[in-house]
Amino acid sequence: MDASYNPEAVEQEARDYWEAERCFEVGEDAGKDKFYCLTMFPYPSGQLHMGHVRVFTINDVIARYQRMQGKHVLQPMGWDAFGMPAENAAIKRGVPPAKWTYQNIEYMRDQLKRLGYGYDWTRELTTCKPEYYRWEQWLFTRMFEQGLVYRKNSVVNWDPVDQTVLANEQVIDGRGWRSDAPVELREIPQWFMKITAYADELLDFLDRMPGWPDSVKTMQRNWIGRSEGVELMFDVEGEDEALSVFTTRPDTIMGITYMAVAPEHALATKAATADAEVAAFVEKCKQMQTAEAALETMEKKGMPIGISAIHPLSGERIPIWVGNFVLMSYGTGAVMGVPGHDHRDWEFADKHGLPIVQVITPSDGSEIDIGKGAYVEYGRVINSGDIDGMDYRQAFDAIADKSEAEGRGQRKINYRLRDWGVSRQRYWGAPIPIIYCADCDAVPVPEDQLPVILPEDVEFTGYGSPLKEMPEFVDAECPRCGKPAQRETDTFDTFVESSWYFARYASPDCDSAMLDEREGYWMPVDQYTGGIEHAILHLLYARFFQKVMRDFGLSSADEPFTNLLTQGMVLKDGAKMSKAKGNTVDPQQLIEKYGADTVRLFMMFASPPEQALEWSDEGVQGASRFLRRFWNAVQAHVADGDAVPVDKDSLNDEQRDLRRKTHQTIAKVSDDIGRRYTFNTAIAAAMELLNAINRFEVETPEDRGVVREALETVVLVLSPIVPHICHALWHVMGHASAPVDESWPVVDQSALQQDMIEIIVQVNGKLRGRISVASDADKEAISALALADKNVQRFVADKQIRKTIIVPGRLVNVVV
RNA sequence: GCCCGGGUGGCGGAACUGGUAGACGCUACGGACUUAAAAUCCGUUGUCCGCAAGGACGUGCGAGUUCGAGUCUCGCCCCGGGCACCA
C-alpha cells in the first residue's frame, strides 16, 4: 500500500473487492430485517450531473449505514429510459432514439460504478425494454376491464408548421419552440386513468405517513384539493335547463351580483350562435394557453351573454357573463360571482363595474371596507334576510338544507385533482395497447398478444409519430371480431413507467407476471430519495399505482414509500441544474482529478440534503485536502509503533478527554446519519475528531491505544460517505475484514461522563461570564458561583436582583 | 396568480426542544519550511470602539410575545420549486 494517498489506486482496489465479493447482491432472507433503499431512477440523458451525484450519494450513505446496523439492504438501480430528449437528439443528430438511449445508459452505468455506489446490478431495469413495459401494458388492459381507464376528448398544443403536438415545455410565449409559429389548441381523443377514484384514499393516507416531510404532504393535500360545498341550481330566463354552480361559500349567497360561465359552457356556446361579439370572444378564448400558471396570471376577461339567472332566494335577476377564467374542467364550468367575499370576483367586478355587496362581517365586530377589497374570512352573515346573524357553519347548513328540500341543490364534495391523461402523441414511449375496430370500437390487446413492441429501427423526423407511417405496426386484427383494425399509435406518458418500477426491482426477471412473491419481501420501500421537484406528480402517480396494484391482488402494501427524503436542487447561477437548461456541471472531470471519495465528500459536506445547493468549484479541494490529512494521520499512526488496547479505568485526563471526544462523535454521527440525515454535520463532527487526534501528543503505547480507537472510529463512521478510502485505511490498520461488513460503532456511555462543566452567566439576557461547576452542582451553588464572577459583579453591582433563572447544564440568567 | 420551501460573516453552512450566534470547511491575510514555487504545517479572520480587560452592534425588513428570539406570532420584501405534455 502506498504511503501517500492515491485515490485512483485506492478506489480501484475497493471496487474490485466489492465486485469480487458480490457485496451488494442480495436475495430474500426471511430471517433478516430488510431495508429497501431507493432513489428516483435517472433519465439517461447522456452523462451524470451533480443532481444525480447528490441524490445517489445521499442514498448510498443511508444504505451503507443501515447495512452496518445489521439490516439486509437492497439498493437497486435502473433507467427511466423513455422521453422527449431522445427524440430531440434523434432530430438533431439523426441517431435513432433507442440507439442514443442505450449508448447513454452504457456510459452512465460506468460513471455510477466509478462513484462506488453499492447497487445490486443484477436487478437493473430499463423501462424502454419490452420485458419491462409489457407489464404496464398488461396493467392498463386490466384497468380497462375494471373501468379505471377511459377515453375522452382533451386539448393539446398543436404546432401548425411542424405538424406536431407540443409539450407545455415546448411552448414559449404561446409559440412553438422550433417553428416559432403561434400554437393552436386541438381537441383529440386521449386515454385517462381514474386517479380521482382514489382521491379520498390518497388524501386520507397522508395522515398515516409520518415518514414523509410535512411540506410534501401539504402540497399533495392541496393538489388533491378536497372541498366541501353545495351545488346550487339557478333558473335561467328563457331556458328549460337550470344553471348549476358549485360553491364552498353558500353563506355568501345573498352577495351574488353576477354569474360567470366557461367559454365552453353550453350557455356560452348557445349565446355565441346568436351574438357575433360573444362568438368572437369565445373563439379568442380557444387561443389561451393550457398551463394553469398562464391561466391564473392572464388578464381576467369577460362579457355579458345577454341572459339572466334568477336568484333562488331574492328572485332578482342576475346577469350571466362568459369569463376566460372559468374552467370547464372544475366543478360545473360555472361560478357565482360574489365580489364582496372573493378576491377574483372582486377584481372582476371592479374592472367591469359590477355591484359589490357586503354580506359577511367580521365576527369580532371590527370594521371592514368592502370597497377596497374582498373580505374572504369566515364571519357573521348580514344583509341576507333569514340567515342574518348566522356564522359560516349555520348559514352553510341553512342554505344547503333549504336547497336540498326544494330540489334546487345538494351538498357535494369536489376535488381539484383531475384524472390522469396518459396519452402522448410521441414515438419514444411505451405503446398504448389498444386496437381500434370499426365495429367493436376500442379493444384492449389480449394478454397473449402482449407486449405491443415499439419498433426501434425507425426514421425519426420530428413531424408527428413515425408509427403512423408504419403499416406493419398500425395494421392489426380486431381481437374481438377478427376484422382488419388499427393499432393505437399514441404512447404512454413516461410517468407511467416510473409509477411502478420500485415494485418491479423485487422481481426484475419474472417473465410470467408483473410482480411475484419477492415483492412481498421487499415492499414497501423503506427509504425513498429524490428531487423535491417530484413532490406532487411522480409521487402521487406512484401512490395511485401502488393502490391499484394492491386492489388487483399484486401487492399487499397500501403505500409505496415509508420514508421520503426530498433532496434540494443543485443550482448553478441561481437556476436549477438540468439538461433542459443546459447548465449542468459534468462530475466526470472532478472524479478523474480528485477521485470519487472527494466528490462524494464535497457533495455531502456542502449543505444538508433537503436544502438547495448552489454549486461552486471551490470547496472540492478542501474535501480532497481533508482526505489526504486523514490518510496521512492513519499512516503516521501505524508507523509510529505499537498500541495497547484501551483500559478504561487507568486513563489520564488527556486520554480521557480524547476518548470522550471519540464517543461523543459516535453519538453525534449516528444521530446525524441515522435520524436527522444531516450528513454535513456528521462530517464536521468527524473532522473535529480528526483535529483532536492530530493535536493529541502521543508518548506511550497507552496514548497510541486511545488514538487507535479514535482513528478506527473515524474510519468506520466515514465509511458510508467515503467508502473507498475507508476500505483501504481499515486494512492499513491491520484488519482483514472490510468496513462494509463491520458493525456500526457503539457509544460507551461511561466515556461521556464529565466531572466539571462550563455554564454561561447572563445578566438581563446578555452574556457576561462563564463559570466552571461540578456537573452535579445544585442551583444554590451555581447561583453563588455566578454572582461571584467579577464581570457579572460589574453588571449586577448594587442593583436589585429580581429573579435568577437557571437552566441546568446550560446557563444562569440574573435579572436585575 | 395559487401551493410548498428558503433568506445567518467575504463564501458554503452550524446553532436539533426558546437558552453561549458563526461549529466545520472554503477564501483572504500573516508566519514556518524551501534557492524558489507548489504542497504541507502554525496563526488571524462578523462589524465598530479599545493598548488591554472589556464594551456596543449584528441572523432579509417592520412590529409583537418572553427573563431571554436566528428559532414563536403578525405584516411586508426578495429568491427557489411545483402548477397536471420536461423528467
Side-chain angles (χ1 to χ4, degrees), chain A residues 40 42-43 45 80 82-85 156-157 165-171 190 213-216 218-223 225 290-298 300 325 343-344 416-426 493-495 498 531-538 540-541 566 568-569 571 574-576 578-581 602 605-608 610-614 616 618-623 625-626 628-629 632 671-672 675-676 678 680-681 683-688 691 758-767 770 790-791 794 802-805 807 810-811 813-816:
Chain A
M40 294 178 188
Y43 177 80
S45 53
D80 189 13
F82 279 132
M84 281 206 305
V156 292
N157 303 303
V165 173
L166 298 177
N168 284 341
E169 191 193 45
Q170 299 171 314
V171 179
Q190 305 200 59
D214 288 337
S215 58
V216 173
T218 304
M219 279 191 258
Q220 293 213 347
R221 229 172 254 127
N222 293 339
W223 184 261
T290 53
E292 188 181 310
L295 287 174
E296 288 287 330
T297 48
M298 74 188 177
K300 309 289 183 290
F325 57 91
H343 291 304
R344 197 180 52 192
R416 210 184 75 93
L417 181 68
R418 308 199 295 262
D419 279 335
W420 176 15
V422 294
S423 294
R424 295 292 179 272
Q425 297 69 45
R426 292 186 202 295
D493 176 2
T494 57
F495 273 125
S498 57
I532 184 67
E533 69 273 21
H534 293 295
I536 295 174
L537 292 180
H538 161 59
L540 198 61
Y541 294 148
T566 52
M569 230 80 38
L571 310 175
K576 173 191 174 185
S578 73
K579 46 226 171 248
K581 289 196 183 102
F602 171 70
F605 185 55
S607 72
E610 307 222 61
Q611 210 161 297
L613 180 150
E614 175 73 33
S616 84
E618 298 159 3
V620 178
Q621 289 208 20
R625 204 150 41 213
F626 169 77
R628 220 171 308 135
R629 265 207 313 276
N632 293 340
D671 190 46
D672 283 353
R675 178 181 66 90
R676 297 210 304 153
T678 50
N680 56 331
T681 54
I683 294 164
M687 286 173 167
E688 280 190 60
N691 290 343
E758 190 190 74
I759 281 187
I760 63 135
V761 185
Q762 298 179 332
V763 179
N764 287 349
K766 288 193 188 257
L767 176 62
R770 294 158 201 277
K790 67 178 192 304
N791 201 45
R794 275 185 26 177
R802 286 205 292 153
K803 61 173 153 174
T804 304
I805 291 151
V807 181
R810 281 192 176 273
L811 61 73
N813 187 11
V814 183
V815 186
V816 298

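Chain identifiers are assigned alphabetically (A, B, ...) following the order of the sequence lines, protein sequences preceding nucleic acid strands; residue numbering begins at 1 within each chain. Since this is a predicted model, take the numbers as computed values, not measurements.
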For this session: Can you check each nucleotide of nucleotides 16-24 of chain B against protein heavy atoms at under 4.0 Å and return B for base, S for sugar-phosphate only, - for none, in 5' to 3' order?
Result: B--BB--BB

Problem set entry | Assigned partner base of C83(B), Watson-Crick or wobble definition, under 3.5 Å | G1(B)

Exercise. Hey, does Leu295(A) reach any base, or is it just sugar-phosphate, or nothing, if we go heavy atoms under 4.0 Å?
Worked result: nothing

Problem set entry | Side-chain N or O of Lys766(A) closer than 4.0 Å to phosphate OP1/OP2 of G58(B) | no

Problem set entry | Counter-base of A56(B), judged by Watson-Crick or G-U geometry with both distances under 3.5 Å | U47(B)

For this session: Mind checking ring pair (Phe, Tyr, Trp, His ring centres under 6.0 Å) for Phe605(A) and listing every partner two or more places apart, or none if nothing turns up?
Result: none

Problem set entry | Nucleotide G6(B), atom C1' - distance to CE of Met569(A) in whole Å | 11 Å

Problem set entry | Protein-nucleotide distance (Phe602(A), atom CZ; C26(B), atom P), rounded to Å | 12 Å

For this session: Look at Arg625(A) and U27(B) and indicate whether a side-chain polar atom (N or O) is within less than 4.0 Å of OP1 or OP2.
Result: yes

For this session: Quick one: label Phe626(A) by what it contacts on the DNA or RNA (base, sugar-phosphate, nothing), any heavy atom closer than 4.0 Å.
Result: nothing

Exercise. Do Arg416(A) and Glu292(A) sit within salt-bridge range, that is, some charged N less than 4.0 Å from a carboxylate O?
Worked result: yes

Exercise. Could you state the NE2-P distance from His534(A) to G80(B), rounded to the nearest angstrom?
Worked result: 19 Å

For this session: Rounded to the nearest angstrom, tell me the gap between atom CZ in Arg628(A) and atom C1' in C26(B).
Result: 15 Å

Seminar exercise, completed: Asn680(A) meets the side chain to side chain donor-acceptor pair (under 3.5 Å) criterion, sequence neighbours left out, with none

Seminar exercise, completed: Here the distance between atom C1' of U8(B) and atom CD of Gln611(A), to the nearest Å, is 11 Å

Quick one: which protein N/O atoms are closer than 3.5 Å to N/O atoms of nucleotides 71-74 of chain B? Pair and distance per line, please.
none

Seminar exercise, completed: Sorted by chain and residue number, the side-chain contact (heavy atoms from CB on, under 4.5 Å) partners of Val165(A) (sequence neighbours excluded) come out as Val156(A), Trp158(A), Gln425(A)

Exercise. NA contact type, Pro42(A), heavy-atom cut-off 4.0 Å: base, sugar-phosphate, or nothing?
Worked result: nothing

For this session: Only counting residues at least two apart or in another chain, list the ones meeting side-chain contact (heavy atoms from CB on, under 4.5 Å) with Ile536(A).
Result: Met219(A), Trp223(A)

Problem set entry | Residue pair Thr804(A) / Val815(A), side-chain heavy-atom distance below 4.5 Å | no

For this session: Using a 4.0 Å heavy-atom cut-off across all strands, classify Gln190(A) as base, sugar-phosphate, or nothing.
Result: base

Exercise. Counting only Watson-Crick or G-U wobble pairs whose two distances fall under 3.5 Å, which nucleotide matches A21(B)?
Worked result: none

For this session: Name all residues meeting the ring pair (Phe, Tyr, Trp, His ring centres under 6.0 Å) criterion together with Tyr541(A); count only those two or more places apart in sequence or in a different chain, and write none if there are none.
Result: Trp420(A), Phe495(A)

Exercise. Side chain of Glu758(A), backbone of Arg770(A): donor and acceptor closer than 3.5 Å?
Worked result: no

Exercise. His538(A) NE2 to C85(B) P: how many Å, rounded?
Worked result: 16 Å

Problem set entry | Syn/anti label of G6(B) as read from its glycosidic torsion, with the cut at 90° from 0 | anti

Exercise. When you measure from the side chain of Asn791(A), which nucleotide among U27(B), G55(B), A87(B) comes out closest?
Worked result: G55(B)

For this session: Look at all strands and tell whether Val814(A) reaches a base, only sugar-phosphate, or nothing, counting heavy atoms closer than 4.0 Å.
Result: nothing

Exercise. Considering residues at least two apart in sequence or located in another chain, which fulfil the side chain to side chain donor-acceptor pair (under 3.5 Å) criterion with Arg625(A)?
Worked result: none

Exercise. Is a donor-acceptor contact shorter than 3.5 angstrom present between the side chain of Gln621(A) and the base of C26(B)?
Worked result: no

For this session: Output all residues satisfying side chain to side chain donor-acceptor pair (under 3.5 Å) with Gln611(A), sequence neighbours left out; order by chain, then residue number.
Result: none

Atom pairs under 3.5 Å, N or O on each side, protein against nucleotides 1-3 of chain B: can you list them with distances?
| residue | atom | partner | partner atom | Å |
| --- | --- | --- | --- | --- |
| G1(B) | O2' | Glu296(A) | OE1 | 3.4 |
| C3(B) | O3' | Asn222(A) | ND2 | 2.8 |
| C3(B) | O2' | Asn222(A) | ND2 | 2.8 |

For this session: Give none if U65(B) has no partner; otherwise give the nucleotide forming a Watson-Crick or G-U wobble pair with it, both distances under 3.5 Å.
Result: none

For this session: Check side-chain contact (heavy atoms from CB on, under 4.5 Å) between Ser215(A) and all other residues, then give those that pass, not counting sequence neighbours.
Result: Pro213(A)

Seminar exercise, completed: With sequence neighbours left out, the residues meeting side chain to side chain donor-acceptor pair (under 3.5 Å) with Arg675(A) are Asp671(A)

Exercise. To the nearest angstrom, how far is Leu537(A) atom CG from C86(B) atom P?
Worked result: 9 Å

Problem set entry | Met298(A) side chain reached by Leu295(A) side chain, heavy atoms, under 4.5 Å | yes

For this session: Mind calculating the distance between CG (Leu540(A)) and C1' (G82(B)) to the nearest angstrom?
Result: 13 Å

